[in-house]
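If you're wondering where the values come from, they're calculated on a predicted model, not measured in any experiment. For the numbers below, each heavy atom of this structure counts, side chains included, while hydrogens, waters and symmetry mates do not.
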Amino acid sequence: NKPTSDNFGEFLIDLKNNRSIAPPPPPAPTLQCNQIGTNNFFGCYYNNKDLTELKATRTDNEINFDWKERSPDPSILPDTFSARWEGNFDFKQSGIYKFTATTDDGMRIRIDDSSVLETWFNQMATYTFEKDLTQGTHKIKVEYYENDGFATAKLSWGLLPSLTAD
């Protein structure tokens with residue numbers, strides 16, 4: 001026999017037994033990786049290395065992670081995970097910027113939808129590259145995967161000094 005209940009806002013009232021019953025919690029929201037940070041990265045973290053089993057999202061001010069043999073989130077196993085970060089960044093000056101990327105294992109970087117680094121294989125390495133950017137907003141997208149052992153993902157950049165003729 002089910003108790004007869006009426007819904008009055010936040011609680012169910014069991015009329016037969018004269019007691020209130022808390023309603024079941026609402027279903028957990030479905031995670032989505034559909035945001036882009038503004039002068040920071042919106043990070044999406046996956047429990048596999050092919051960017052398909054989304055487990056966590058968050059805002060990351062920078063990509064500067066040395067997880068060692070851990071993972072970025074308790075819901076993610078420490079090996080074979082991946083991440084995608086996207087952000088629109090305001091570059092105050094036009095010029096040539098030097099980018100430095102450190103990865104263990106694979107990493108891909110796109111600036112304004114143009115590939116600038118494609119190292120999607122198991123490795124432990126640091127890469128540098130230069131990119132001529134105009135003053136204004138530029139979208140940076142980084143994809144990363146960890147396969148086994150230590151996990152590192154880092155990206156930084158800075159404006160190179162301009163060379164002027166005397």
Side-chain angles (χ1 to χ4, degrees), residues 27-166:
T30 302
L31 283 177
Q32 295 183 355
C33 186
N34 60 358
Q35 296 182 41
I36 299 174
T38 301
N39 290 315
N40 57 34
F41 289 99
F42 184 74
C44 302
Y45 296 87
Y46 301 85
N47 195 35
N48 58 14
K49 64 181 192 175
D50 63 3
L51 301 161
T52 59
E53 192 182 329
L54 183 62
K55 289 291 186 177
T57 61
R58 67 181 187 216
T59 298
D60 292 318
N61 289 326
E62 59 185 350
I63 301 172
N64 186 19
F65 301 107
D66 188 1
W67 291 292
K68 301 196 185 321
E69 294 181 322
R70 297 181 315 259
S71 78
D73 187 86
S75 67
I76 297 171
L77 297 173
D79 285 318
T80 64
F81 65 86
S82 55
R84 177 181 291 126
W85 297 275
E86 286 191 77
N88 288 317
F89 291 87
D90 184 26
F91 287 76
K92 303 290 186 197
Q93 283 183 257
S94 295
I96 298 174
Y97 286 79
K98 180 180 179 182
F99 289 78
T100 303
T102 301
T103 184
D104 182 352
D105 286 290
M107 184 176 278
R108 298 189 277 234
I109 302 173
R110 298 180 71 80
I111 299 176
D112 297 328
D113 296 320
S114 176
S115 179
V116 293
L117 183 71
E118 183 76 30
T119 61
W120 203 249
F121 50 86
N122 295 346
Q123 65 187 316
M124 183 173 61
T126 296
Y127 298 91
T128 61
F129 59 91
E130 295 176 1
K131 178 78 173 163
D132 194 359
L133 296 173
T134 58
Q135 179 181 357
T137 301
H138 295 276
K139 181 171 132 181
I140 299 176
K141 179 179 182 178
V142 178
E143 293 179 331
Y144 163 83
Y145 81 86
E146 159 57 14
N147 187 47
D148 190 30
F150 289 102
T152 304
K154 297 181 181 188
L155 176 66
S156 61
W157 62 84
L159 180 64
L160 291 176
S162 61
L163 302 175
T164 57
D166 288 331

Check your understanding: Any side-chain heavy-atom pair from Asp79 and Asn147 closer than 4.5 angstrom?
Key -> no
Exercise for review: For a side-chain hydrogen bond (donor to acceptor under 3.5 Å, both in side chains) with Tyr145, tell me which candidate from Asn122, Asn48, Asp105, Asp50 qualifies.
Suggested key: Asn122
Revision key, fill the gap. Taken to the nearest 0.5 Å, the spacing of Lys55 NZ from Ile76 CD1 works out to 8.5 Å
Check your understanding: Would you call Leu117 and Thr103 a side-chain contact if the rule is heavy atoms closer than 4.5 Å?
Key -> no
**Study point:** Reported CG-to-SG distance for the pair Leu31 and Cys44, which is rounded to 0.5 angstrom
**Key:** 8.5 Å
Practice item. Answer whether the closest heavy-atom distance between the side chains of Ile111 and Phe99 falls below 4.5 Å. Key: yes
Practice item. Mind listing the closest non-hydrogen atom pair of Tyr46 and Arg84 along with its distance? Key: OH-NH1, 3.0 Å
Revision key, fill the gap. Rounded to the nearest 0.5 angstrom, the CG-NZ distance for Leu159 and Lys98 is 12.5 Å
Review point. Taking C-beta and beyond as the side chain, do Phe150 and Glu69 meet within less than 4.5 Å on heavy atoms?
Key: yes
Revision key, fill the gap. In this structure, OH of Tyr127 is separated from CE of Met107 (nearest 0.5 Å) by 10.0 Å
Review point. So, Glu86 side chain and Asn88 main chain: donor-acceptor pair closer than 3.5 Å or not?
Key: no
Practice item. Step by step, work out the side-chain contact (heavy atoms from CB on, under 4.5 Å) result for Ile140 and Phe41. Key: CA-CA 8 Å; Ile140 299 176; Phe41 289 99; 4.0 Å; yes
Check your understanding: What pairs of residues pass the salt bridge (charged side-chain N to carboxylate O under 4.0 Å, His left out) test when at least one of them lies in residues 117-133, not counting sequence neighbours?
Key -> Arg108-Glu118
Check your understanding: Just wondering, do Phe129 and Ile109 contact through their side chains at under 4.5 Å, heavy atoms?
Key -> yes
Check your understanding: For the atom pair CD (Glu143) and CG (Leu51), what is the distance rounded to the nearest 0.5 Å?
Key -> 5.0 Å
Exercise for review: Would you check if Ile63 and Tyr144 make a side-chain contact, meaning some heavy-atom pair closer than 4.5 Å?
Suggested key: no
Point to revise | Criterion ring-ring contact (aromatic ring centres under 6.0 Å, His included) against Tyr97, the qualifying member of Phe89, Trp157, Phe91 | key: Phe91
Review point. Side chains of Ser94 and Thr134: do they bring a donor and an acceptor to under 3.5 Å?
Key: no
**Study point:** For Arg58, side chain to side chain donor-acceptor pair (under 3.5 Å) partners two or more places apart
**Key:** Tyr45, Asp60
Practice item. Without swapping roles, check the side chain of Asp112 against the backbone of Ser114 for a donor-acceptor pair under 3.5 Å. Key: no
Review point. Quick one: does Pro72's side chain get under 4.5 Å of Phe65's, heavy atoms only?
Key: no
Practice item. Under the salt bridge (Lys or Arg N to Asp or Glu O under 4.0 Å) rule, collect the residues that match up with Asp90, sequence neighbours excluded. Key: Lys92
Check your understanding: When you measure from the side chain of Asn64 to the backbone N and O of Lys154, does any donor-acceptor pair fall under 3.5 Å?
Key -> no
